[in-house]
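This report refers to the structure that appears directly beneath it.
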Amino acid sequence: MGNRELNTEYPAPDEQEVTEKLIVLLKGIIEQRYSGGLTTRDVHVKGHAGVRAEFIVEPGLPEEFRVGVFKEPRTFPAWIRFSNSSQDPSVDIKGDIRGFALKLMGVEGEKLIETQKDATTHDFIFLSTNQFLTKDAKDFYKLVECGSLNKKKSLSDYLGITWYFLTHPRVGFSLLGGLRKFPHLLEMQWFSTTPYLFGGRAVKYALKPWLKTKSALPQNPSGDYLRERLAEHLAREGTGFDFLVQFQLDPYREPIEDALVPWKEENTPFHKIATINIPRQEIDSPEQRAFAENLSFNPWHCLPEHRPLGSANRVRKAVYIAISEFRRGRNGVPNTEPTPDANP
């Protein structure tokens, strides 16, 4: 492993080559899956809802927390897209990793993605697991290369997938632990899974739900029960989440380049720095659902003070941009960001 320092990245020498090969591979898979008609997202295809929210930076934060988005106490209008991570829009009772994509609006300052540097939006990405799918870019490329994302799998694909998990047991255990059934999207804790810059320090983020009740899994669920429960709750009352941050305190215990290692709370505690307030609302209008589906989220769509860190994030930058442009080009949809007064 060699010597490691706090808040420091250590890219592999072949990472750029691996990333370029991965983009070519993913584009081929998308073309195979969507030979005609609408080209949807390559992952997180099934969106449950687009939800209006407010992102409220805590007042009186200590100086070490007053960075970027959190520099001053203020409120940003926001959108949340809840989703299942699978490539196929399957029923909600199937075990899956769930997604919580957060887009703040009214965020001034140049962003890291060149084609959207003047946009006044800022993204945060969360999953229902505290581990990313693979350790780094190379492991992710090998996972895709073995045929795991092919819609119609051949015998050689299944043999390749089996061999991959036999030779990458950490990925297999992480995936099995993450593919879970969840009763309610508003009662879950959410994790950034990968590290980010926070000024000059490395951090991970998490969301803690306000709801204390724990719903049971439905006995005879519809295929869309997560959306239905979300809509039912928000039609009745609002709720929210605490936005938490934890700092890297040990470069070996909390690695930046290995996204399969969770940062344990007993070693590096969480600190609340913002509130996500979700007001009472109706979420099922056709206009709002279409609006949510046209939103794009990228962890690199952010201020430089919050730059993503580590191999998994570096490969996400190139892949997210390339695949989003590829998908929008096939669909003839312009790549635009919403404004604070967006009203679907």
Side-chain angles (χ1 to χ4, degrees), residues 3-10 53-80 100-113 116-126 130 189-210 240-257 259 261-278 297-310 312-314 317 340:
N3 293 328
R4 290 288 186 266
E5 296 182 5
L6 283 170
N7 316 312
T8 305
E9 294 180 279
Y10 297 91
E54 296 176 318
F55 187 85
I56 307 166
V57 178
E58 288 288 290
L61 287 175
E63 192 63 31
E64 66 175 325
F65 298 111
R66 298 181 63 179
V67 172
V69 167
F70 309 93
K71 192 171 184 178
E72 301 292 341
R74 60 170 293 186
T75 298
F76 297 95
W79 281 94
I80 301 166
F100 182 119
L102 174 67
K103 185 177 293 290
L104 311 188
M105 295 178 291
V107 181
E108 298 176 354
E110 195 168 290
K111 309 307 185 298
L112 288 176
I113 298 177
Q116 297 177 324
K117 65 180 182 179
D118 296 324
T120 57
T121 48
H122 187 292
D123 297 349
F124 291 100
I125 310 293
F126 297 90
N130 63 355
Q189 187 161 4
W190 302 87
F191 304 90
S192 68
T193 72
T194 54
Y196 293 80
L197 199 64
F198 195 85
R201 303 178 68 181
V203 302
K204 285 187 178 182
Y205 302 114
L207 303 177
K208 182 179 180 181
W210 292 357
F241 292 83
D242 291 342
F243 187 101
L244 312 173
V245 64
Q246 60 176 169
F247 291 101
Q248 184 195 43
L249 300 179
D250 184 306
Y252 301 97
R253 199 172 53 196
E254 293 106 36
I256 287 177
E257 298 297 342
V261 178
W263 294 7
K264 296 182 179 179
E265 188 175 358
E266 57 265 32
N267 296 327
T268 172
F270 284 109
H271 307 273
K272 180 180 178 180
I273 57 175
T275 294
I276 297 174
N277 179 52
I278 304 175
F297 296 89
N298 189 324
W300 286 84
H301 183 64
C302 65
L303 295 171
E305 297 95 319
H306 302 298
R307 178 172 61 85
L309 299 174
N313 272 330
R314 290 190 298 272
K317 179 182 183 181

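- Under the 4.0 Å criterion applied to side-chain N and carboxylate O atoms, R307 and E9 are assigned as salt-bridge partners.
- In this structure, K103 forms no cation-pi arrangement with W79, as its terminal cationic atom is not both closer than 6.0 Å to the ring centre and no more than 45° off the ring axis.
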Steps toward side chain to side chain contact (heavy atoms under 4.5 Å, CB included) verdict (L303, V69): CA-CA 8 Å; L303 295 171; V69 167; 4.0 Å; yes
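- Residues P195 and N313 approach most closely at O-ND2, 3.0 Å, considering heavy atoms.
- Heavy atoms only, all atoms of each residue included: A206 and F270 are closest at CB-CE2, 3.5 Å.
- Without hydrogens or angle criteria, W300 side chain to D123 main chain gives no donor-acceptor distance under 3.5 Å.
- The shortest distance between side-chain heavy atoms of L244 and K208 falls below 4.5 Å.
- By the 4.5 Å heavy-atom criterion applied to side chains, I256 and Q248 are counted as neighbours.
- Distance alone, capped at 3.5 Å, places no donor-acceptor pair between the E54 side chain and the P77 backbone.
- Taking CD of Q189 as the reference point, atom CZ of F126 lies at 10.5 Å (rounded to 0.5 Å).
- A distance of 5.0 Å separates CD of E110 from NZ of K117, quoted to the nearest 0.5 Å.
- Checked against the 6.0 Å centroid criterion, the rings of F297 and F100 do not qualify as a close aromatic pair.
- Residues passing the side chain to side chain donor-acceptor pair (under 3.5 Å) test with K272, sequence neighbours excluded: D242, T275.
- For the residue pair L6 and T8, the shortest heavy atom distance occurs at O-OG1, 2.9 Å.
- I278 has its side chain within reach of I80: a pair of non-hydrogen atoms, C-beta onward, lies under 4.5 Å apart.
- Ring orientation note: the planes of Y205 and F124 are nearly perpendicular, at an angle over 60° on the 30°/60° scale.
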Evaluation steps, side chain to side chain contact (heavy atoms under 4.5 Å, CB included), between T120 and M105: CA-CA 6 Å; T120 57; M105 295 178 291; 5.8 Å; no
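- P299 places none of its side-chain heavy atoms less than 4.5 Å from the side chain of S192.
- The two atoms that bring F243 and I276 nearest to each other are CD1-CD1, 4.4 Å, heavy atoms only.
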Working for side chain to side chain contact (heavy atoms under 4.5 Å, CB included), residues Q116 and K111: CA-CA 7 Å; Q116 297 177 324; K111 309 307 185 298; 5.7 Å; no
Step-by-step side chain to side chain contact (heavy atoms under 4.5 Å, CB included) determination, R314 to E257: CA-CA 10 Å; R314 290 190 298 272; E257 298 297 342; 2.9 Å; yes
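- For the ring-ring contact (aromatic ring centres under 6.0 Å, His included) test, residues two or more places apart in sequence or in another chain that qualify with F65 are F247, H271.
- The ring of F55 has its center no closer than 6.0 angstrom to the ring center of H122.
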Pairs of donor and acceptor atoms involving the side chains of residues 196-204, under 3.5 Å and at least two apart or interchain, shall be tabulated with distances.
from: R201; atom 1: NH1; to: E64; atom 2: OE1; distance (Å): 3.0
from: K204; atom 1: NZ; to: T193; atom 2: O; distance (Å): 3.3
from: K204; atom 1: NZ; to: V261; atom 2: O; distance (Å): 3.2

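- Considering CG of D118 and CD of E108, their distance stands at 12.0 Å, rounded to 0.5 Å.
- D250 places none of its side-chain heavy atoms less than 4.5 Å from the side chain of N267.
- How far OG1 of T121 is from CZ of F76: 11.5 Å, rounded to the nearest 0.5 Å.
- Salt bridge annotation for R74-E58: absent, with no cationic side-chain nitrogen under 4.0 angstrom from a carboxylate oxygen.
- Of all heavy-atom pairs between T268 and Q246, the closest is O-NE2, 2.9 Å.
- Across all their heavy atoms, P73 and P59 have their closest contact at CB-CA, 3.8 Å.
- Atom CD1 of I273 sits about 7.0 Å away from atom CG of L61, to the nearest 0.5 Å.
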Chi angles and distances behind the salt bridge (Lys or Arg N to Asp or Glu O under 4.0 Å) call for E254, R4: CA-CA 11 Å; E254 293 106 36; R4 290 288 186 266; over 6 Å; no
